[in-house]
Amino acid sequence: MSDNKNNMSHWADQMAERIIREKGEKPLYTCASGITPSGTVHIGNFREIITVDLVVRALRERGKNVRFIYSWDDYDVFRKVPKNMKDPELLASYLRKPITLVPDTSGVAENYARANEVRVENILPTVGIYPEYIYQAARYRAGYYAEGIKRALEKKEEIKAILNEWRTEPLGDDWFPVSVFSSFTDKDNTKVTDWDGEYKITYTDLDENKSETIDIRSTPNTKLPWRVDWPMRWAKEGVDFEPGGKDHLTEGGSYDTSKKVVELFGGTAPVSMRYDFIKLKGMGGKISSSGGEVADLYDVLEIYTPEIVRYMFVGTRPNSEFAISFDLDVLKIYEDYDNCERIYFGLLDVKEQRKEKEKRIYELSQVDSDHIPTEPGYQAPFRHLCNLFLIHESNVDEALESISDVTEGQKDRLRARLVCAKNWLEKYAPEEFKWSLATTTDPIDVKDNERQALKDLASYVNSYLDEMNEKEFSTYIYKAAADNGIENADFFTLTYRALISKEKGPKLAGFIKTVGKEKILQILSKY
RNA sequence: GGGCCGCUAGCUCAGUAGGUAGAGCAACGCCCUUUUAAGGCGUGGGUCAUUGGUUCGAAUCCAAUGCGGCUCACCA
């Protein structure tokens, strides 16, 4: 790995330096991220995770000891049933309960929240991200935050004053900085009515109209509301860095109030940075809970290899919005990545400043930061891989075998790309990208001169294909057309119809060569 | 109403620790007699939204303005 101590070309490095500058030299730096797993954790949520991962890497490369915590805010309340969930009526009966008490109607995990968590925890190692997970429901229920809750109650007036700075409707005199899940119903439709100055609070269940006094240590149904919970945890964990979406990082947003509230808990606010949303392009109408398109990391990893997924985030400033494309842009993204790789390995000469930047992007894009590749990948254009895959009748292994000049070090990466090409073709590619060899279909109807032209072509394939390059062989394609009085354009169309039952196809000479003599002749011999 | 982001070539954007404006595509020209989102070589094209300020020097920093967008003032 190169020495990045002074490399400031990338935003993650700049952020790492800022954290060290603002927080001072510390034996341990804590970087945090987190979300409420109340639905699919989508690719926009992933942006926060990888943003932290990149800063963590930059800090570690500076020799720092870093803890990366990811908070599952699964003691939050189940507020609405996402549209695409199984058994919505059953789920609806659990509204207002904590999401860990909601059943998982998909049947994969012990509860609703856990199902969403597991999905993320299983996939993050694929892109080289290994946070330490913290489960808030378990912590709250174990009384882990009892002192924090007590502290919040003690500082009730100060907290109220801070929150009221931005509220249109000030919090009333009867407000307490805690919310309670009822012991009777598990729901949060409750109102706290009294606090004894120590650990006991009294609340009323508004559904059942029953009251009860509980000890927050032994009956931990109590949780802090978000704007108090967040700063309490900053203080508890000593968080030095945590990014946020633009909803949090706006004036009067939760970061603003939390950085004041955290002081009441004896802590200081972490360094933060704002990330923007991710748009999707070309997915073709996958419906999310909110009615728009949604994709999660699994969807993206189907068509982009892990390093390219990282590359898209690494190469974009977090505070600008960008789109992840599932359409033809995929080809360009692969090309861009290959360009970056060529620059890294010195195969493409660019200005020094750009070179430094691209090299850093390449490093941070790699899944394993300790093992940056020592040779570039096999840089076949994505489109070519699509064609190889189709030539070999949708068999990835055969397609891989057909490429002879691949080194051992390139093989795994190339296979991963072929699988992505396969997935892209099957799910997102436009029709003109898809075809199959007409080896088993009946011959098309042709006129006599067309038949003769195809016979000529077969003969040229038989005699010359193996020993010629694309360009040399292409002259025989034109010869076959010209000798039989067919316009070039018409002959190309004819040949595509004969070979792949379509009007157009991949560049013909190269295509014939890639398919190989045997299969081409198998088809052309029908004429 | 507050805050934030964007405004750079026809299009999509890069360039923001200040130092002579970039890429890809499109366009135009030439070439490979020759299908495709072809290939090669070359050319043109921008008062960096506007105005002012700081500076020897501003796309870059500051202040206003305009247009577009997001977000907070519920909950999390």
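Chain identifiers are assigned alphabetically (A, B, ...) following the order of the sequence lines, protein sequences preceding nucleic acid strands; residue numbering begins at 1 within each chain.
For B/U33, the base has no donor-acceptor partner in the side chain of A/Y478 [N/O atoms by modelled type, under 3.5 angstrom]. With hydrogens and angles left out, the side chain of A/T250 and the base of B/G2 share a donor-acceptor pair within 3.5 Å.
Between the P atoms of B/C4 and B/G19, the separation comes to 25 Å (whole Å). To the nearest whole angstrom, the two P atoms, one in B/C11 and one in B/A26, are 15 Å apart. Taking the C1' atoms as reference points, B/G53 lies 15 Å from B/U60, given to the whole Å. Comparing the C1' positions of B/U50 and B/C31 gives a spacing of 46 Å, expressed to the nearest Å. Using atom C1' as the reference point in both B/G40 and B/U33, the two lie 16 Å apart (nearest Å). Annotation: B/A58 and B/G66 have their P atoms spaced 26 Å apart (nearest Å). Nucleotides B/G22 and B/A9 place their C1' atoms 10 Å apart, quoted to the nearest Å. Taking the C1' atom of each, B/G45 and B/U55 are spaced 31 Å apart, rounded to whole Å.
Nearest to the side chain of A/T475, among B/G24, B/U34, B/A76, sits B/U34. Taking the side chain of A/D247 as heavy atoms from C-beta on, and the options B/A76, B/C5, B/U35, the nearest nucleotide is B/A76. The side chain of A/F492 lies closest to B/U35 when the candidates are B/C4, B/C74, B/U35.
Annotation: A/F382 is in aromatic contact with A/W424 [ring centroid separation under 6.0 Å]. Centroid-to-centroid, the aromatic rings of A/F491 and A/Y478 stay 6.0 Å apart or farther.
Atoms CZ (A/R274) and P (B/G6) sit 9 Å apart, rounded to a whole Å. For the pair A/H10 NE2 and B/A17 P, the interatomic distance rounds to 14 Å; values are reported in whole Å. Atoms CD1 (A/I512) and C1' (B/U36) sit 14 Å apart, rounded to a whole Å. For the pair A/E251 CD and B/C4 P, the interatomic distance rounds to 8 Å; values are reported in whole Å. One atom, CZ of A/R47, and another, C1' of B/C5, lie 12 Å apart when rounded to the nearest Å. Atom P of nucleotide B/C72 and atom CD of A/E165 are separated by 19 Å, given to the nearest angstrom. We find that NE2 of A/H248 is positioned 10 Å from P of B/A73, with the value rounded to whole Å. Summarising the geometry, the separation between CD on A/E358 and C1' on B/G22 is reported as 13 Å, rounded to the nearest angstrom.
Between A/W166 and A/P225, the residue anchored nearer the 5' end of RNA chain B, judged by the nucleotide with its closest heavy atom, is A/W166. Comparing A/D276 and A/K223 by the nucleotide of RNA chain B that holds the closest heavy atom to each, the one mapping nearer the 5' end is A/D276.
In this entry B/C41 has B/G29 as its Watson-Crick or G-U wobble partner, both defining distances falling under 3.5 Å. Base pairing of B/G1 is made with B/C72, judged by Watson-Crick or G-U wobble geometry with both donor-acceptor distances under 3.5 Å. As the counterpart of B/U50, B/A64 is assigned, both hydrogen-bonding distances of the Watson-Crick or G-U wobble pattern falling under 3.5 Å. Pairing for B/G18 is absent, with no Watson-Crick or G-U wobble pair whose two atom distances lie under 3.5 Å.
Among the candidates A/D76, A/D188, A/D229, the single residue satisfying the side chain to side chain donor-acceptor pair (under 3.5 Å) test with A/K223 is A/D76.
Side-chain contact annotation: A/N484 with A/D456, donor-acceptor N/O pair under 3.5 Å present. Side-chain polar atoms of A/T257 and A/R227 form a donor-acceptor pair below 3.5 angstrom.
Counting non-hydrogen atoms under 4.0 angstrom, A/K357 reaches the backbone sugars and phosphates but no base. Contacts of A/L331 with the nucleic acid, taken as non-hydrogen atoms under 4.0 Å apart, include base atoms. Within 4.0 Å (heavy atoms only), A/F433 reaches at least one base atom of the nucleic acid. Among the heavy atoms of the strands, none lies under 4.0 Å from A/I477. Contacts of A/R317 with the nucleic acid, taken as non-hydrogen atoms under 4.0 Å apart, include base atoms. Within 4.0 Å (heavy atoms only), A/F491 reaches no atom of the nucleic acid at all.
The shortest distance between the side-chain N/O atoms of A/R167 and the OP1/OP2 oxygens of B/C75 is below 4.0 Å. For B/G6, neither phosphate oxygen OP1 nor OP2 lies less than 4.0 angstrom from any side-chain nitrogen or oxygen of A/S320. Residue A/R227 places at least one side-chain N or O under 4.0 Å from the OP1 or OP2 atom of B/A73.
For the pair A/D336 and A/K332, the salt-bridge criterion is met [side-chain N within less than 4.0 Å of a carboxylate O]. Ion pairing between a basic and an acidic side chain is recognised when a charged N comes within 4.0 Å of a carboxylate O; A/D247 and A/R274 show no such pairing.
Both tests hold for A/K156 against A/F176: distance to the six-membered ring centre under 6.0 Å, angle to the ring axis within 45°.
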